[in-house]
Structures are given as structure tokens and as C-alpha cells.
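Chain A is the first sequence line, chain B the second, and so forth, proteins listed ahead of strands; every chain is numbered from 1.
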Amino acid sequence: MTESNSAGSSLRTVSTPSNYIRTMIARDQSNGKYGGRVHTRFPPEPNGYLHIGHAKSICLNFTLAAENGGFCNLRFDDTNPTKESQEYVDAIKDNIRWLGFNWHGEVRYSSAYFNELYSFAIQLVEKELAYVCSLNAEQAREYRGTLTEPGRDSPDRNRPKNESLNLLARMKAGEFADGTYTLRACIDMASPNINMRDPVLYRIRHFAHHQTGNKWCIYPTYDYTHCISDALEGITHSLCTLEFEDHRPLYNWILGQLDLEKLQLASDLAGSSSQYVLPEQTEFAKLKLNYTMMGKRNLKAMVDSGTVDGWDDPRMPTLAGLRRRGVTPAAIRHFCESIGVSRSESVVDLGMLEHAIREDLDRNAPRAMCVLNPLPVLVTNMEEGQVQHLSMANHPKNENMGRRQVPFDRKLVIDRADFAEEPPPGFKRLVPGGEVRLRGAYVIRCDKVEKDASGNITRLLCSADFGTLGQRPQGRKVKGVIHWVSSGHGISSTVRLYDRLFTVENPESSEIEDFRKVLNPHSLQVIENALVEPSVMKEQRRICFQFEREGYFCLDQLDSTTERPVFNRTITLRDSWSG
RNA sequence: UGGGGUGUCGCCAAGUGGUAAGGCACAAGGUUUUGAUCCUUGCAUACGUUGGUUCGAAUCCAGCCACCCCAGCCA
């Protein structure tokens, strides 16, 4: 499928890559399997912050629905109150909106279905498909068997249903302590699939829930809840990651035992004339990125140990961190589209993400100049107090982004890296006696190098060729172009340079006993005396800029003040110079 | 030695019996007042492996190998 190629008006060809889930949905659509409906859901547990891996799932679920004129719900899978909180609920909603997606209708919660879930549980007991079990956790493990040996039936497996019904009611009423009883499905203790060995449906937890408070002291498990929640919401395609593959038989078993009519009646599709079709689970490989730690527990450990400044530290792979880093939602969406979807576990190269970020920022970030490591330059043939306001394009290819005035005067700064007394081979920047173009301004020649007593270069005395504004210098070629800022007009800024957090491709490898040992000591470098051109603060332009020849930067939304801007480097420019 | 999965270029990834898409990375040119962008070109006789079926196989069949997931009252 290719869109946008009418008469070459759009140079960019956007194609939606084929993947097995898209293909499956297209097939379902043409077969009329769900009566033309495509309804997905993104179902996070609110037990942490979302990261780039979740973005893959979010993009998948929302775009698949949108492509087919369907809907995507946001449902918090909140069946374990001991790990969850409202803080996470709020952050997740915020992140999804930031990414640019709108969920269908109200936010859903599995906990909103506790009543229905409970009555379906009673149904199962009445059909003798579930029983109340008094084995404790340790005993249950013994009875479960192992990967290679079958399990043994619980002594309570044949408990009369009335007794189970009674016990279940008392569990719900709070008569029993945590761990004393569970409700279990009655399936097959000898199943080669361990998930089918009488899985727990309900457990007792005297713990307040962030949504339901103290109303419940028994909570349904994931396996029991997820399939029914999907069915209640009229979900058609239930997408999840590969580790749930073995749970699919259980997903189908549970839904298969329930009364279809009652299910539909309790669902969003109640009253619908179309045939009620059960949702189906499809798995895909979760995103892995090299040099990146994705595990929630590990990310939390980095936050708690102070290794990073918080969940939104710009080095974190969390959506909050990427956002603060200056990564745009569009870049993340394009990245997620570009990596594809498959069932093979794969490790995506960080370079792919970086490419998506640069691609978006190159097109959309206005240019500006910022000198990170200032070296004073005196333009000797410029008069003291004289200021020229040079007009510069905000974008080299998009004049719609306008122009700005950049003050040029006798006292400037350039970056120390752009001057060398003894230049390496291929050096195109400023050298003693040499010439270089000041971007958007004049060609200057370095006439003299001033040093302090210990030999450090303190200032360059240069002369400008005033005939070179917008003109090529006559009779010679000047290859180098460097950026500059007026030292009198520039704004002193803090700039934070970020690099990858880890020195190894797989920081979560089992061979690494502690991730602290593979941290990149240079993942954050803070520069306190950078000088940025004044237009950046004057105009309420955007928060993302390309500082020419340095990279893409964004104004830190938390730490910046009008007196003292703080910039975060989102990413460097590509640098193909091997010097 | 149980069950469920996966193996196509350095990294993602299309491909579903008719003779290996695309992107990233990389390399070489060109344009360029960002060593950026952009443009052009190159980059798997080869699809884990061994056999088989077929006029024809990455695609079908069988065996083998490698890797991943599962023994929470987590999700």
C-alpha cells in the first residue's frame, strides 16, 4: 500500500509495511469475522512508567484500529493493588496523550469489572469448573509438578460446589486471612502447559485498591481478568507480547466456559444485533533496544539508587525521559512503524531510534547558534560599539520557518574545537593565518593568537572580509564554516550533553551482575558557560532547536528560567568526519 | 529428557511454490555558507542446517542444530 504519489507533489512516499497482524486483520475484515469491527486495547498495569517498549504496543494497537475505522481502548489492568498507584495511572494517561493517541471513550479499568468477574466466577463454580482450594502457596507449588512432571490434584479439587460457593462468599466477605484460600479453575493438573494446571482465579488480599478502595479483599488474577475484560469491552483483537503465548489456551478456555449470552449482555455490545464474537489473543515480540535497559524493576532500581535523576531523567528510555530529552512524539511513532512487528525476538539498533529522531528534528527544528566551549574572537576591523543585525534563515530548506536577526559585533566567541594551532589532516576550520566562514556572516582571517602565561589560548585577533556577506570570497576558496555568537549579546546558558547510559549492548545480560558496573561515566556532561544567540529566548519560538553543527537541543521545561536557560542535547548531528 | 515459540545481509524486516522488497548502518561519488540535510551508486547466487517432494522451494515435508518463554496466590 502506497499513499501520496499524486503527480509527484509529495516527495515522501509513506507506506504501511506489511506485518502478520495487519495481514490477519485484513483477512478477518474480508471474512467479516467480527462484522467489520476492529477494536483493540492498550492494557498497562499501573505499576510503573511507560517506556519506549510500551510505545511499540501503543502505536500498534492504536494505528491498527484507526487504519480499519475501529477503536482502541485504554484499560488499566489493575488487579494487583499491592503494586499499583494512582500516580502511575496519571502518568500513563499523560504519556499516551503526549504520543498523540486518543483512546475510545472513557478510560477503562479492570477493577470496574470486579462485580461481573465475581458473578462469572460463581457461574464457573456452579458448573463445577472452579473450586475453592485451601492449599497455601508452598503446597500449591508442590502439587503443581514441574516442567517435566505432571502435577497432582488438590485435595479440595472435588469439593462440593455448594461448599465452594459458600467459601467463596466468605472469602469475599473478608472472613479469611490472606493466602488461606484461593479460587481455582478445574482444568487439568497433568497438562503439559503449566498454565492449565488448575490456575488461581482469585486470591485474598486485604489491601486497599487505588480505584475500589476497601470494597474488595479478593482480587482476580490476570489470566482470569484479562480475557473477560476484553470480552466485556467488545475487543476483537487482543494483542500482547510473546511471553503470554502459553496463556492463550487458558484465555480461550475461560471465555469458552462462560455463558455467551450473559457475556454479551454485560458487555459494551449489549443490545447489538450482530453476532457476538469472542476476542482472540495474538502475540508479538516486545521491543528490545541495544545499550538500553528496559526492565521495569531495573529502571526503578536506577531511580531509587539515584543513578539517574528520576523517571524523567533524559537518559531514561521512559516516555517521560525521552520527552524531557527533546524527542518528539512523531519521532517515536515513526520509529515504532519502522521497526516492524514480528514474532522473532530481536534487538533493534539504537541507531534506528536516533535516525527517526534526527529525521523529524531536521525537518522541524529551527536553527540557531550556540557556542558550547567559548573562545573569544576580536574582529579587529569592526568598530567598538558597532552592531550589525544579520538576517539568517531559521531553516535552510523551509523558508516558511522565517528568518531572524543575529547580532554581529566586534567581540564574538567561537568554539575552541573550531580553532587549531596545529590542525590534524583534513581540518577545515580556523588555523593561524587561515580563513574560515562565520556562518551567515563574513569570512574572517586569524591574524594573531593571544595566550596567557601558561600558554593557554585566550583570544584570537581576526579581521573580517566585509565583502563576503552572502558572497563568495574573491580569488580563493574558503571551505570551513563555523558557528559563532556575539559575546555581548549572547545569553549564558547551561547545556547538558547526554550520551547513552551503558557501555555494553545488553546491560540486562545475565552475565552482568550489577548494571552499575557497565554505566557510561560520561552519560551526562554539564556545561555551565555556553553562549546562545539571543533570538532563542526572545522569540517564543519552539523548545526544540538545532544548534548548528552541534546537534538538536531542547529547552528543559523544568530547570530553565528566563534568566538562565537550560538546554538538553537531544542528539548530535551525524558526523561523518573521521578527523 | 514436558509444553509453547523463533531462526532471511552487521541490525530491523517484507516474502505464504515461480526464481531474494524496503529501512538503519556502512562505503564511494555529487550538491551545500551546518564536515548536517539532500541526491546518486554499491552492499545476501543467498534465506540456521541436512535430506526429500517438485519443471521449479526462503516458501511444502522430515530429521538435526541454535536461541527464547513457562513451574507467582505478578502482569
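- The pair A:K286-A:E243 meets the salt-bridge criterion, with a side-chain N (NZ, NE, NH1 or NH2) lying under 4.0 Å from an Asp/Glu carboxylate O.
- At the heavy-atom level, A:A356 lies nowhere under 4.0 Å from the strands shown.
- Counting distance only, with no hydrogens placed and no angle test, the side-chain atoms of A:E550 and the base atoms of B:rU34 include no donor-acceptor pair under 3.5 Å.
- Contact check, A:S344 against B:rA13: a side-chain N or O comes under 4.0 Å of OP1 or OP2.
- Note on A:R549: a side-chain N or O is less than 4.0 Å away from OP1 or OP2 of B:rG35.
- Nearest to the side chain of A:N80, among B:rG15, B:rC73, B:rA75, sits B:rA75.
- The gap from the P atom of B:rA44 to that of B:rA20 amounts to 12 Å, rounded to the nearest Å.
- Checked by atom type, the side-chain pair A:D198/A:Y131 shows a donor-acceptor distance below 3.5 Å.
- In this structure, A:R358 contributes its side chain and A:A356 its backbone to no donor-acceptor pair below 3.5 Å.
- Checked against B:rA13, B:rG72, B:rG2, the side chain of A:R141 finds its nearest nucleotide in B:rG72.
- The base of B:rG3 sits within donor-acceptor range of the side chain of A:D246, with an N or O pair under 3.5 Å.
- A:Q546 and A:E548 are not linked by any side-chain donor-acceptor pair at a separation below 3.5 angstrom, with hydrogens and angles left out of the test.
- Ionic pairing of A:E45 and A:K83 is not present here: no N-O contact between side-chain nitrogen and carboxylate oxygen is shorter than 4.0 angstrom.
- Each of A:Y442 and A:G340 lies near RNA chain B, and the nucleotide nearest A:G340 is the one positioned closer to the 5' end.
- With 3.5 Å as the limit, one finds no donor-acceptor pair spanning the side chains of A:S346 and A:S344.
- Between A:E233 and A:R75 a salt bridge is recorded (basic side-chain N to carboxylate O distance below 4.0 Å).
- Across B:rU34, B:rA75, B:rG2, the shortest atom-to-atom separation from the side chain of A:L147 is found for B:rG2.
- Side chains of A:Y442 and A:Q471: a donor-acceptor N/O pair is absent below 3.5 angstrom, by distance only.
- Here A:T148 does not reach the OP1 or OP2 of B:rA71: none of its side-chain N or O atoms lies under 4.0 Å away.
- For B:rU8 and B:rA46, the P atoms lie 16 Å apart once the distance is rounded to whole Å.
- Closest contact between the side chain of A:S576 and the listed nucleotides B:rA71, B:rA36, B:rU6 involves B:rA36.
- For B:rG72, the base adopts the syn conformation, since its glycosidic angle falls within 90 degrees of zero.
- Taking a cutoff of 4.0 Å between a charged side-chain nitrogen and a carboxylate oxygen, A:D418 and A:R549 qualify as a salt bridge.
- Applying the 5.5 angstrom centroid cut-off and the 30 degree plane-angle cut-off, the aromatic ring of A:W577 is stacked upon the base of B:rG35.
- B:rU49 sits 15 Å from B:rC65 when the P atoms are compared, rounded to a whole Å.
- Between the side chain of A:R437 and the base of B:rU33 there is at least one donor-acceptor pair of N/O atoms closer than 3.5 Å.
- Listed candidates were B:rC38, B:rU33, B:rC73. Nearest to the side chain of A:R439 is B:rU33.
- Only the P atoms considered, B:rG3 is 31 Å distant from B:rU16, to the nearest whole Å.
- Here the side chain of A:I194 is nearest to one of B:rC70, B:rA14, B:rU34, namely B:rC70.
- Salt bridge present: A:R22 and A:E67 bring a charged side-chain N and a carboxylate O closer than 4.0 Å.
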Do nucleotides 22-30 of chain B as a string where each nucleotide becomes B, S or -: B if the base has a protein heavy atom under 4.0 Å, S if just the sugar-phosphate does, - if no protein is that close.
-BS-S----
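- At the heavy-atom level, A:P249 lies nowhere under 4.0 Å from the strands shown.
- Mapping A:N193 and A:D223 onto RNA chain B via the closest heavy atom, the residue that lands nearer the 5' end is A:N193.
- A:E435 pairs with exactly one of A:L430, A:V478, A:T468 by the side chain to side chain contact (heavy atoms under 4.5 Å, CB included) rule, that one being A:V478.
- B:rU31 and B:rC67: their C1' atoms are spaced 47 Å apart (whole Å).
- Among the atoms of the strands shown, none is found under 4.0 Å from any heavy atom of A:K479.
- The side chain of A:R472 contributes an N or O atom lying less than 4.0 Å from OP1 or OP2 of B:rU33.
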Only Watson-Crick and G-U wobble pairs with both distances less than 3.5 Å should count. Give RNA chain B in dot-bracket notation, marking inter-strand partners with |.
.(((((((.[[[..)..(...]]].(((((.......))))).....[[[[[..)....]]]]])))))).....
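- Looking only at distances, a side-chain donor or acceptor of A:R367 sits under 3.5 Å from a matching main-chain atom of A:A365.
- Applying the 4.0 Å criterion to OP1 and OP2 of B:rA13, one finds that A:S342 has a side-chain N or O inside that range.
- Between the base of B:rG4 and the side chain of A:R248 there is no donor-acceptor pair shorter than 3.5 Å.
- Side-chain N/O atoms of A:T79 include one lying less than 4.0 angstrom from OP1 or OP2 on B:rA75.
- With hydrogens and angles ignored, a donor-acceptor pair under 3.5 angstrom links the side chain of A:R367 to the base of B:rU34.
- Put simply, A:R144 has a side-chain N or O that comes within less than 4.0 Å of OP1 or OP2 on B:rG72.
- Of the listed nucleotides (B:rC12, B:rC73, B:rC70), B:rC70 has the atom at the smallest distance from the side chain of A:N195.
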